[in-house]
Asks: 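Right, I'll just put the structure down here and ask away after.
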Amino acid sequence: MQTYCIVGPTASGKSAMALEIAEKIGGEIVSADSMQLYRTLDIGCAKPTKEEQRRVPHHLIDVLDIHEPCDIFRFLQLAEKALEDIRARGKVPVIAGGTGFYVKALLRGLDDLPGDRALREELEAEYAGEDGFSRLRERMKILDPGAFAKLSDCRRKLLRALEVRLVSGRSILDFQNGPRPLRFPVRAWSLVWPPELLRERIAQRTHAMLNAGWIDEAERTIAAGLLHTPTAHQALGYRLIGEHLAGNLSRAELEEKIIIATAQFARRQRTWFRHQHPEAAVLEMPQ
RNA sequence: AGGAGUGUAGCUCAGUUGGCCAGAGCAGCGGUCUCCAAAACCGCAGGUCGUGAGUUCGAGCCUCACCGCUCCUG
C-alpha cells in the first residue's frame with residue numbers, strides 16, 4: 001500500500017495539501033514536525049486547528065510535554081508506531097512535515113551508529129569550557145583524522161564522532177554508508193515557492209498568529225518554563241515574544257524579528273529539501 | 001530665508017595627519033547535514049564613496065558649486 005508524503009518550508013501550504021489528500025483517499029496524517037510534537041505550542045507552531053484535526057485523524061501532534069526532550073530517535077520511535085497503526089487499520093498514511101531530517105530518517109532509516117548517552121554527557125562536560133572546542137579538535141585530530149577533516153568546524157558533530165570512536169573503536173565515517181533506499185513505497189511532493197512570495201506569506205501568517213493570541217500563549221508557556229526546556233525551547237518566536245513582554249522590543253520590532261527568523265529558517269529548509277529528497281516531485285507553487 | 005550639520009553596500013555605521021585593490025555588523029543568497037535539526041556549522045555576493053568641477057604624482061578624506069536629508073534661528 002502506498003504512503004504519501006509532502007515536504008516543504010514553513011508556510012508553504014503542506015498542512016492544507018495533506019488534509020486535502022487525506023480526505024480524498026481516506027488517509028491519516030502523520031506530522032513530521034519537531035515542534036508540533038509539543039503540547040501548548042499551538043499558535044506559534046501553526047498546528048492544524050481542532051476542526052481540521054476532527055476532519056482527518058492527525059498523529060504526532062500534542063504527544064509530548066514541553067519539558068520532555070526529543071531527538072531523531074524518539075521521533076522515529078513515535079512515527080514508526082503511528083505508521084504501523086495506520087496501516088494496521090487499513091488506512092493510508094500521509095506524512096507531512098517541515099523537519100527534513102525527521103522526514104528523511106522516517107523514509108529511509110538511519111545507519112546503525114553506536115552511542116552511549118552517559119558517555120556523551122561526560123564528554124559534553126569535559127569539553128565545555130572556553131578552550132573546550134580546541135581541545136576537542138586536538139584530540140580528534142589524532143584519534144580520528146578522517147572525521148576531523150570532515151567535521152572540524154562543527155563542535156556538536158565532532159563531539160558525536162568522538163563518542164562513536166570511543167564506544168566502538170572505529171570512526172563514525174565507517175558507519176555511515178551513503179544514500180539509503182526508501183523503506184517503503186512512497187509518493188512524495190516537495191512544495192517550492194519563489195522566495196519573495198514565501199516571505200510574504202510568512203509575514204502575513206506571522207501577523208495573523210500574533211493577533212490570534214500567540215503572545216498570550218507564549219507568556220503562559222514561558223511561565224511554565226519553556227525557555228529552559230531541553231528541546232521545545234528552540235521553537236521560533238517564543239523567546240522574542242518574551243523579550244517583547246519584558247519591554248525590550250516594541251510590537252513592530254517583534255513582528256519584524258520573527259519574520260526574519262522564520263524566513264531564515266525557511267531558507268534552510270529550502271536547501272535541505274532541494275538536495276535531500278530525490279524521491280519528492282517538485283511542485284511549483286502557487287498551484 | 002539665514003546658520004550649523006550630514007550625505008560611504010538593501011539597513012546601521014568604520015574609514016587614522018589625503019597614498020595597500022574602500023571595511024564591519026545586520027539583512028540577502030548558496031552549501032553541509034545519520035542522537036539538540038524551528039538546531040549546529042561553512043561559504044558567497046554586493047558600493048558611480050550624493051552630483052559636478054578643482055587642487056594634487058595621488059582624494060572617501062582638502063576647496064568650490066549644486067542637489068538631498070536633519071537640526072537651530074527667524
Side-chain angles (χ1 to χ4, degrees), chain A residues 7-12 14 31-38 41 44-47 64 66 68-78 97-121 123-124 133 136-137 147 149-164 167 171-180 183 194-196 198-199 202 205-206 209 218 226 228-241 253 256-277:
Chain A
V7 298
T10 187
S12 61
K14 297 183 295 291
S31 163
D33 184 301
S34 66
M35 291 301 150
Q36 291 188 0
L37 252 4
Y38 290 101
L41 265 33
C45 295
K47 272 180 199 160
L64 298 177
I66 57 170
E68 294 181 74
C70 185
D71 56 38
I72 185 74
F73 283 96
R74 184 75 197 279
F75 171 80
L76 282 179
Q77 205 178 334
L78 295 167
T99 304
F101 184 35
Y102 286 7
V103 177
K104 184 177 178 182
L106 182 56
L107 262 35
R108 297 170 186 277
L110 295 171
D111 289 315
D112 214 7
L113 304 203
D116 181 334
R117 203 103 221 170
L119 173 63
R120 188 127 201 267
E121 277 162 33
L123 294 173
E124 181 65 58
F133 188 34
L136 171 63
R137 290 168 57 114
K150 194 179 175 193
L151 309 169
S152 66
D153 286 324
C154 192
R155 177 199 148 79
R156 186 185 287 187
K157 287 169 185 169
L158 252 198
L159 211 51
R160 169 96 250 263
L162 174 59
E163 174 194 351
V164 170
V167 171
S171 170
I172 189 170
L173 268 25
D174 294 344
F175 296 92
Q176 300 177 330
N177 300 313
R180 312 179 106 254
R183 297 197 288 181
E196 327 77 55
L198 186 67
R199 192 185 182 90
I202 288 171
R205 194 182 69 173
T206 298
M209 281 162 42
L226 176 68
H228 307 288
T229 57
T231 308
H233 78 272
Q234 293 169 165
L236 279 176
Y238 291 85
R239 175 164 269 108
L240 286 170
I241 293 177
E253 290 170 328
E256 182 59 28
K257 280 182 185 287
I258 291 178
I259 290 169
I260 288 171
T262 306
Q264 292 176 330
F265 168 47
R267 183 162 57 74
R268 272 176 270 130
Q269 290 177 300
R270 194 191 307 156
T271 303
W272 175 279
F273 293 128
R274 197 143 56 193
H275 301 281
Q276 306 294 325
H277 291 263

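As the structure is a computational prediction, the values presented were derived from the model and not from experiment. Hydrogens, waters and symmetry mates play no part in the numbers below; they use all other heavy atoms, side chains included. In what follows, every chain begins at residue 1, and chains take the letters A, B, ... in the order their sequences are listed.
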Asks: Can you check the distance between B/U6 and B/G10, where both ends of the measurement are the P atom (answer in whole Å)?
Replies: 23 Å
Asks: Apply ring pair (Phe, Tyr, Trp, His ring centres under 6.0 Å) to A/Phe273 and list each qualifying residue two or more places apart in sequence or on a separate chain.
Replies: A/His277
Asks: Please tell me which of the listed nucleotides, B/A27, B/G30, B/A38, lies nearest to the side chain of A/Arg267?
Replies: B/G30
Asks: With rounding to whole Å, what would you report as the distance between B/U55 and B/G19 at their C1' atoms?
Replies: 16 Å
Asks: Can you tell me, in whole Å, how much space there is between the C1' of B/C11 and that of B/A53?
Replies: 32 Å
Asks: What is the distance, rounded to the nearest whole Å, between atom CD of A/Gln264 and atom P of B/G31?
Replies: 16 Å
Asks: Could you measure between the two C1' atoms, the one in B/A9 and the one in B/G25, and give it in whole Å?
Replies: 12 Å
Asks: Can you tabulate the close N/O pairs, meaning under 3.5 Å, that link protein atoms to atoms of nucleotides 33-35 of chain B?
Replies:
from: B/C33; atom 1: OP2; to: A/Gln276; atom 2: NE2; distance (Å): 3.3
from: B/U34; atom 1: O2; to: A/Asp111; atom 2: N; distance (Å): 2.8
from: B/U34; atom 1: N3; to: A/Asp111; atom 2: OD2; distance (Å): 2.6
from: B/U34; atom 1: O4; to: A/Asp111; atom 2: OD2; distance (Å): 3.1
from: B/U34; atom 1: O4; to: A/Gly178; atom 2: O; distance (Å): 2.9
from: B/C35; atom 1: OP2; to: A/Arg160; atom 2: NH1; distance (Å): 2.9
from: B/C35; atom 1: O2'; to: A/Arg120; atom 2: NH1; distance (Å): 2.6
from: B/C35; atom 1: O2; to: A/Arg117; atom 2: NH1; distance (Å): 2.8

Asks: Got A/Arg199 and A/Ile260 here, is their nearest side-chain heavy-atom distance under 4.5 Å?
Replies: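 Yes, at least one pair of side-chain atoms sits under 4.5 Å.
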Asks: Can you work out whether A/Thr10 or A/Ala263 has the more 5'-proximal nearest nucleotide on RNA chain B?
Replies: A/Ala263
Asks: Does a side-chain N or O of A/Thr99 approach OP1 or OP2 of B/A38 to a distance below 4.0 Å, or not?
Replies: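 So the side-chain polar atoms of A/Thr99 do come within 4.0 Å of the phosphate oxygens OP1 or OP2 of B/A38, strictly under.
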Asks: Who pairs with A/Asp71 by side chain to side chain donor-acceptor pair (under 3.5 Å), at least two apart in sequence or on another chain?
Replies: A/Arg117
Asks: Answer yes or no: does a side-chain N or O of A/Arg274 lie under 4.0 Å from OP1 or OP2 of B/G30?
Replies: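 Yes, such a contact exists.
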Asks: Apply side chain to side chain donor-acceptor pair (under 3.5 Å) to A/Asp116 and list each qualifying residue two or more places apart in sequence or on a separate chain.
Replies: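 For A/Asp116, no residue satisfies side chain to side chain donor-acceptor pair (under 3.5 Å) once neighbours in sequence are set aside.
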Asks: Counting heavy atoms from C-beta on, name the nucleotide in B/A37, B/A38, B/G30 closest to the side chain of A/Tyr102.
Replies: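 For the A/Tyr102 side chain, the nearest candidate turns out to be B/A37.
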Asks: Roughly how many Å is it from CZ in A/Arg205 to C1' in B/A38, rounded to a whole number?
Replies: 11 Å
Asks: Holding to side chain to side chain donor-acceptor pair (under 3.5 Å), I want the full list of residues that pass it with A/Arg205, two or more places apart in sequence or in another chain.
Replies: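 Checked A/Arg205 against side chain to side chain donor-acceptor pair (under 3.5 Å); matches are A/Thr10.
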Asks: Only counting residues at least two apart or in another chain, list the ones meeting side-chain contact (heavy atoms from CB on, under 4.5 Å) with A/Arg267.
Replies: A/Arg270
Asks: Given atom CD of A/Glu256 and atom C1' of B/G10, what is their separation to the nearest angstrom?
Replies: 12 Å
Asks: Please tell me if the side chains of A/Thr231 and A/Leu64 come closer than 4.5 Å, counting only heavy atoms from C-beta onward.
Replies: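 No - every pair of side-chain heavy atoms lies 4.5 Å or more apart.
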Asks: Considering only atom C1', compute the distance from B/C66 to B/C57 and round it to an integer number of Å.
Replies: 29 Å
Asks: Contact between A/Leu226 and A/Leu41 at the side-chain level, heavy atoms closer than 4.5 Å - yes or no?
Replies: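 Touching, per the 4.5 Å side-chain cut-off.
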Asks: Using the P atom as the reference point in each nucleotide, state the distance between B/C71 and B/C13 in Å, no decimals.
Replies: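 Here B/C71 and B/C13 have their P atoms 15 Å from each other.
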Asks: Look at the side chain of A/Cys45 and decide which nucleotide, out of B/A38, B/G28, B/A40, has an atom nearest to it.
Replies: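 Within the option list, the nearest is B/A38.
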Asks: Once side-chain contact (heavy atoms from CB on, under 4.5 Å) is applied, do any residues pair with A/Pro194, and if so which ones, sequence neighbours excluded?
Replies: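 By the side-chain contact (heavy atoms from CB on, under 4.5 Å) rule, A/Pro194 matches A/Glu196, A/Leu197.
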Asks: Give each stem of RNA chain B as a range with a range, requiring at least 3 consecutive Watson-Crick or G-U wobble pairs whose two distances are under 3.5 Å.
Replies: B:1-7 with B:67-73, B:10-13 with B:23-26, B:28-32 with B:40-44, B:50-54 with B:62-66
Asks: Under the rule for side-chain contact (heavy atoms from CB on, under 4.5 Å), what residues qualify as partners of A/Ala32, not counting sequence neighbours?
Replies: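 For A/Ala32, the residues satisfying side-chain contact (heavy atoms from CB on, under 4.5 Å) (neighbours in sequence not counted) are A/Phe75, A/Ile95, A/Val103.
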Asks: Can you tell me how far P of B/C36 sits from CG of A/Leu158, to the nearest Å?
Replies: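 Atom-to-atom, A/Leu158 to B/C36, this comes out as 14 Å.
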